[in-house]
Amino acid sequence: MSTLTIFNSLTREKTAFTPIDPDHIRLYACGPTVYNYAHIGNARMAVVFDLLANVLRSLYPKVTYVSNITDVDDKIITAHLETGAPIAEITEKFTRIYNEDMASLGCKTPDIQPRATTHIEEMITLIKSLIERGHAYEPEPADGHVLFNVPSFENYGGLSGRSRDEQIAGARVEIASYKKDPADFVLWKPSKDDEPGWESPFGPNNGRGRPGWHIECSAMAEKHLGLPFDIHGGGADLKFPHHENEIAQSCCAHGHNNLDAFAKYWMHNGFVTVEGEKMSKSLGNFTLAHDLLEKYDGAVLRIALLSAHYRKPLDWSEQALHQAQKQYDRIAKALKMLEKFETRQIPPESDVLNALCNDLNTPAAFVALNNLVNRINEPDTPKGSTLKSIIISTLDLLGIEPPDVAQAENEHVNTSEFEGLLQERTQAKADKNWARADEIRDELTAHGYKIIDTAEGPKLEKL
RNA sequence: GGCGCGGUGGCAGAGUGGCUAUGCAGCGGAUUGCAAAUCCGUGUACACCGGUUCGACUCCGGUCCGUGCCUCCA
């Protein structure tokens with residue numbers, strides 16, 4: 001059996017993955033804030049951790065993959081104020097779209113997809129515990145804010161490798177006067193009447209307010225996975241401050257001092273870049289997954305997203321897309337040649353699984369997949385059910401939707417409109433009248449079609 | 001300024017102390033009336049400068065360049 005090795009951001013080294021409970025692997029990855037369409041950079045996280053979940057499932061009997069939906073956030077409020085759409089409408093719409101788009105990219109819905117707004121109570125419990133243990137405070141006079149006191153957690157900064165002093169030196173944040181320490185961050189904040197809010201024990205107006213950004217993940221991970229759990233994931237930009245703060249909250253709420261009392265392993269995916277620069281909404285250089293799906297097969301986008309190792313930057317370009325499309329076409333061709341065979345349940349190609357077990361080395365996995373697919377051309381390889389089955393199960397492991405061979409066939413244009421011309425050309429060819437044959441090719445080109453001669457006769461393809 | 005990551009053949013992108021992926025593009029060939037598709041063949045590249053070593057792209061030190069986080073961000 002293959003063993004999984006992963007790069008643990010917490011220790012900054014590649015180590016063997018040792019489960020807390022080999023009978024039940026528990027994985028959490030920070031999901032999207034639903035106020036807008038997801039761009040292809042956002043999608044990378046979903047694809048990477050979906051793949052990780054697949055690999056874990058093939059290695060262990062039970063896996064619980066939790067990925068949240070953040071449906072209370074200032075950006076959502078901003079979207080509400082700008083568009084006038086009710087908050088619930090915005091969050092429901094973009095949650096649905098996110099799930100649809102990710103499904104197109106071959107991502108299974110996480111086993112549990114908790115929403116922040118249905119875990120307010122758990123967050124309040126956590127905050128109360130932090131106050132009781134002296135790690136959080138309400139500023140005087142109480143105005144509805146609750147802050148986490150960073151100096152109260154000795155090991156703060158251990159994940160991102162920065163000391164508190166460094167942060168203060170580099171701080172570009174305006175320091176709110178109510179903070180005891182410049183690094184302190186918000187656990188709970190008051191809501192204005194026109195902002196979403198929940199009653200709480202904190203501050204005036206029945207404590208009506210809403211949670212800070214970080215507390216939701218602490219609360220939801222703990223509720224659905226228990227502490228500590230195995231792997232916590234997310235984008236590299238969440239490492240600081242979001243993940244750092246999650247660790248601080250969760251450890252302190254339960255009186256732990258060691259950083260891995262929350263999650264044992266941390267994994268961070270790199271960014272999608274555009275011409276070397278991070279794809280981001282503020283730079284405006286993003287491409288929406290939703291738009292790409294109009295033009296490309298989701299499987300092609302998934303291949304493109306996995307074409308670089310997950311920790312490295314991935315430059316998004318037409319060429320990258322073209323390469324991924326070609327890759328997918330090769331798979332389709334192999335499966336087309338194996339069309340007549342039945343498939344059966346069979347384990348995936350071991351070289352692919354081994355590559356993935358090596359810290360999700362997807363480029364190496366594609367090499368192994370290519371070797372597998374290329375067996376179709378090796379004369380001494382038995383072609384048939386076994387080969388087809390192993391290709392299918394390997395694609396399943398990678399989360400790549402197998403190409404629909406039958407549908408590819410239908411993409412050939414209905415030839416009826418040009419039946420006469422095609423017949424004439426076939427006759428011309430039989431008569432070795434190449435001039436006339438080429439003339440007809442040109443004519444059809446003018447109509448926007450390309451003639452492809454196949455064993456079953458001429459076919460048309462849109463140019 | 002602090003902390004971090006990276007510089008591999010035309011491009012994308014793994015990897016390893018000596019055997020040197022894979023894909024895209026290109027080139028040559030087979031096949032095809034032509035075309036497309038397909039198949040076969042083809043590329044010793046690892047930023048720069050030192051050091052360690054029998055031997056380094058791979059280890060160590062330095063230089064240059066790019067980029068990320070430190071503010072909401074996958």
Side-chain angles (χ1 to χ4, degrees), chain A residues 9 12 29-33 35-36 38-49 67 70 73-75 78 157 160-163 165-174 183 213 233-242 244 268-273 275-283 286 289 303-315 317 319-327 329-330 333 336-337 355 358 361-371 374 376-379 428-435 437-438 441-442 445 450-455 458-459 461:
Chain A
S9 304
R12 271 167 239 126
C30 293
T33 302
Y35 68 105
N36 207 334
H39 62 60
I40 197 69
N42 301 128
R44 190 177 190 191
M45 164 264 148
V47 167
V48 165
F49 290 100
S67 188
T70 298
D73 181 274
D74 288 357
K75 289 192 290 283
T78 306
S160 56
R162 51 189 99 219
S163 71
D165 295 344
E166 284 156 6
Q167 284 175 69
I168 295 161
R172 276 187 270 152
V173 224
E174 199 175 317
W213 173 34
D237 47 359
L238 296 184
K239 204 192 267 185
F240 186 91
H242 182 56
E244 204 71 80
H268 292 96
N269 64 278
F271 304 120
V272 172
T273 59
E275 289 170 12
E277 275 194 321
K278 178 183 174 183
M279 181 181 284
S280 73
K281 295 199 170 155
S282 54
L283 283 171
F286 57 87
I303 290 170
L305 283 171
L306 294 175
S307 67
H309 183 84
Y310 77 93
R311 280 190 277 118
K312 293 241 179 134
L314 170 71
D315 208 53
S317 63
Q319 210 202 0
L321 243 17
H322 174 251
Q323 253 185 252
Q325 180 69 57
K326 285 287 197 176
Q327 174 90 39
D329 289 348
R330 304 171 87 247
K333 259 155 205 152
K336 173 73 184 162
M337 288 170 81
N358 181 14
N361 190 336
T362 47
F366 281 121
V367 169
L369 178 64
N370 283 333
N371 291 341
N374 284 342
I376 195 82
N377 295 318
E378 288 169 13
K429 281 174 63 177
D431 298 340
K432 295 195 191 297
N433 182 357
W434 311 130
D438 289 346
R441 175 187 290 285
D442 291 343
T445 303
K450 180 165 80 175
I451 301 175
I452 297 164
D453 289 324
T454 72
K459 297 204 162 147
E461 234 175 50

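Predicted model, so just to flag it, every value in this text is computed and none were measured.
Contact of the A:Leu305 side chain with the A:Val272 side chain is registered, since non-hydrogen atoms from C-beta on lie closer than 4.5 Å. Between A:Asn42 and A:Phe286 there is no side-chain heavy-atom pair separated by less than 4.5 Å. Considering only heavy atoms from C-beta on, A:Gln325 comes within 4.5 Å of A:Asp329 through its side chain. The side-chain heavy atoms of A:Arg330 and A:Asn374, taken from C-beta on, include a pair separated by under 4.5 Å. By the 4.5 Å heavy-atom criterion applied to side chains, A:Tyr35 and A:Thr78 are not counted as neighbours. At least one side-chain heavy atom of A:His242 sits under 4.5 Å from a side-chain heavy atom of A:Cys30.
In this structure, A:His309 reaches the sugar-phosphate backbone alone: every heavy-atom distance under 4.0 Å involves primed, P, OP1 or OP2 atoms, never a base. Across all strands, A:Ala308 comes closer than 4.0 Å only to sugar-phosphate atoms, never to a base (heavy-atom distances). Residue contacts shown for A:Ser160 are limited to sugar-phosphate atoms, with no base heavy atom under 4.0 Å away. Across all strands shown, A:Val272 has heavy atoms under 4.0 Å from base atoms, whether or not it also approaches the sugar-phosphate. Residue A:Leu369 is classed as having no contact, given no heavy-atom separation below 4.0 Å to the nucleic acid. A:Asn374 comes within contact range of the sugar-phosphate backbone alone, with a heavy-atom separation under 4.0 Å but no base atom that close. Here A:Asp453 lies in heavy-atom contact (under 4.0 Å) with a base. Residue contacts shown for A:Gly41 include a base, since a base heavy atom lies under 4.0 Å away.
Side-chain nitrogen and oxygen atoms of A:Lys333 include none within less than 4.0 Å of the OP1 or OP2 phosphate oxygen of B:A37. For B:A12, the OP1/OP2 oxygens have no side-chain nitrogen or oxygen of A:Lys312 closer than 4.0 Å. Put simply, A:Arg441 has no side-chain N or O that comes within less than 4.0 Å of OP1 or OP2 on B:C34. Under 4.0 angstrom from either OP1 or OP2 of B:U22 there lies no side-chain N or O belonging to A:Asn371. An OP1 or OP2 oxygen of B:C24 is reached within less than 4.0 angstrom by a side-chain nitrogen or oxygen of A:Arg330. Between A:Asn377 and B:C39 there is a side-chain N or O to OP1 or OP2 distance below 4.0 Å. Side-chain N/O atoms of A:Asn370 include none lying less than 4.0 angstrom from OP1 or OP2 on B:A21. Look at A:Lys429 and you won't find any side-chain N or O under 4.0 angstrom from OP1 or OP2 of B:C34.
As the counterpart of B:G4, B:U67 is assigned, both hydrogen-bonding distances of the Watson-Crick or G-U wobble pattern falling under 3.5 Å. The base-pairing partner of B:C24, taking Watson-Crick or G-U wobble contacts with both distances under 3.5 Å, is B:G10. Pairing partner, B:A45: none, since no Watson-Crick or wobble contact has both distances short of 3.5 Å. When Watson-Crick and G-U wobble pairs are counted only if both distances are under 3.5 Å, B:A56 pairs with no nucleotide at all.
Atom CG in A:Leu238 sits roughly 14 Å away from atom C1' in B:C70 (whole-Å rounding). Look at NE2 on A:His322: it is 16 Å from P on B:G13, rounded to the nearest Å. Rounded to whole Å, atom C1' of B:A74 lies 11 Å from atom NZ of A:Lys75. A:Gln327 places its CD atom 14 Å from the P atom of B:A14, with the value rounded to the nearest Å. Atom pair A:Lys326:NZ and B:U22:P shows a separation of 18 Å (rounding to whole Å applied). The distance between atom CG of A:Asp315 and atom P of B:G13, rounded to the nearest whole Å, is 7 Å. For the pair A:Asp237 CG and B:C72 P, the computed distance is 11 Å after rounding to whole Å. Taking atom CG of A:Leu305 as the reference point, atom P of B:A12 lies 17 Å away to the nearest angstrom.
Closest to the side chain of A:Gln323, out of B:C11, B:A25, B:C70, is B:C11. Considering only the side chain of A:Lys278, B:A74 comes nearest among B:A14, B:A74, B:G23. Relative to the side chain of A:Glu277, the nucleotides B:G68, B:A14, B:A25 differ in distance, and B:G68 lies closest. Comparing atom distances between the A:Asp438 side chain and each of B:G15, B:A74, B:C34 picks out B:C34 as nearest.
To the nearest whole angstrom, the two P atoms, one in B:U53 and one in B:U67, are 38 Å apart. Taking atom P in both B:A35 and B:G41, one finds a spacing of 23 Å when rounded to whole Å. If you take atom P in B:G9 and the same atom in B:C5, they sit 22 Å apart, rounded to whole Å. Nucleotides B:G29 and B:C34 have their P atoms positioned 14 Å apart, rounded to a whole Å. Rounded to whole Å, the C1' atom of B:C19 lies 14 Å from the corresponding atom of B:G55. Across B:G50 and B:A56, the matching P atoms stand 13 Å from one another, rounded to whole Å. Rounded to the nearest Å, the gap between the C1' atom of B:C39 and that of B:A45 is 27 Å. Taking atom C1' in both B:C48 and B:G7, the straight-line distance is 11 Å, to the nearest Å.
For the side chain to side chain donor-acceptor pair (under 3.5 Å) test, residues two or more places apart in sequence or in another chain that qualify with A:Gln327 are A:Asn370. For A:Asp315, the side chain to side chain donor-acceptor pair (under 3.5 Å) criterion is met by A:Thr273, not counting sequence neighbours.
For the residue pair A:Glu244 and A:Gly161, the shortest heavy atom distance occurs at OE1-N, 4.5 Å.
Projected onto RNA chain B by closest heavy-atom contact, A:Asn358 and A:Tyr35 fall at different nucleotides, the more 5' of which corresponds to A:Asn358.
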